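Treat the numbers as computed from the prediction; the structure is a model and nothing was measured. The residues of the chain are indexed from 1 along the displayed sequence.
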Amino acid sequence: MIKHSEQISAFLTFLRETEQENRIAVMAEREANQETQDIEHALELDELSYHDYARLAKQLRDVRRTRRKAKDTILTTQPILDWAETNKAEIKAGASAGGCKES
């Protein structure tokens, strides 16, 4: 049988990992937005050959896919982080009661 302290520790680890995943996804989305803007500016302003257009289109597709993954991660992790923020005192109390170090 798993001890309560182990379950609490696993839950706190889950919350920390979720927060880290969210931060990484937010940064990835920002980077993808900037890359998208750079590609769009190149398409708009540069004199490009057919092959350059095709290369940029593939690059844009890849960047948009990366952005979509980041947005999906944000959509799944943000509600958990919002809940954790709302229940910060209870989480801390549960960690203390379970003998766990909460960070």
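Under the 3.5 Å distance criterion, with hydrogens and angles disregarded, no donor-acceptor pair is assigned to the side chains of Asn33 and Gln37.
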Give every donor-acceptor pair under 3.5 Å between a side-chain atom in residues 68-75 and any protein atom, sequence neighbours left out.
unit_1, atom_1, unit_2, atom_2, d
Arg68, NH1, Asp72, OD1, 3.2
Thr73, OG1, Lys69, O, 3.1

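Atom CD of Gln20 sits in a sparse spot, with 12 or fewer heavy atoms from other residues, nucleotides or ligands closer than 6.0 Å. Residue Arg61 qualifies as enclosed at atom CZ: its count of foreign heavy atoms under 6.0 Å is above 12.
Separation of atoms CD (Glu29) and OG1 (Thr66) is listed at 12.0 Å; rounding is to 0.5 Å. Atoms CG and CG, on Leu43 and Asp38 in that order, are 11.0 Å from each other to the nearest 0.5 Å. Rounding to the nearest 0.5 angstrom, the gap separating the OG1 atom in Thr36 from the NE2 atom in His41 is 11.0 Å. In this structure, CZ in Arg67 is found 13.5 Å from CD in Glu31, a value given to the nearest 0.5 Å. Taken from CD1 in Ile80 to CZ in Phe14, the straight-line distance is 4.0 Å, to the nearest 0.5 Å. Note that CD of Glu17 and CG of Leu12 are 11.0 Å apart. Values are rounded to the nearest 0.5 Å.
Considering only residues two or more places apart in sequence or on other chains, Arg55 meets the salt bridge (charged side-chain N to carboxylate O under 4.0 Å, His left out) condition with Asp52.
Nearest heavy atoms, Tyr53 versus Leu48: CE1-O, 3.6 Å. Taking every heavy atom of both residues into account, Ile8 and Gly94 meet most closely at CD1-O, 3.6 Å.
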ask   = side-chain contact (heavy atoms from CB on, under 4.5 Å) between Leu56 and Leu60: does it pass, once the steps are laid out?
value = CA-CA 6 Å; Leu56 286 173; Leu60 182 61; over 6 Å; no
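With hydrogens and angles disregarded, a donor-acceptor distance shorter than 3.5 Å links the side chain of Asn87 to the backbone of Trp83.
Using a cut-off of 4.0 Å between Lys/Arg side-chain N and Asp/Glu carboxylate O, Glu85 and Lys88 are scored as salt-bridged.
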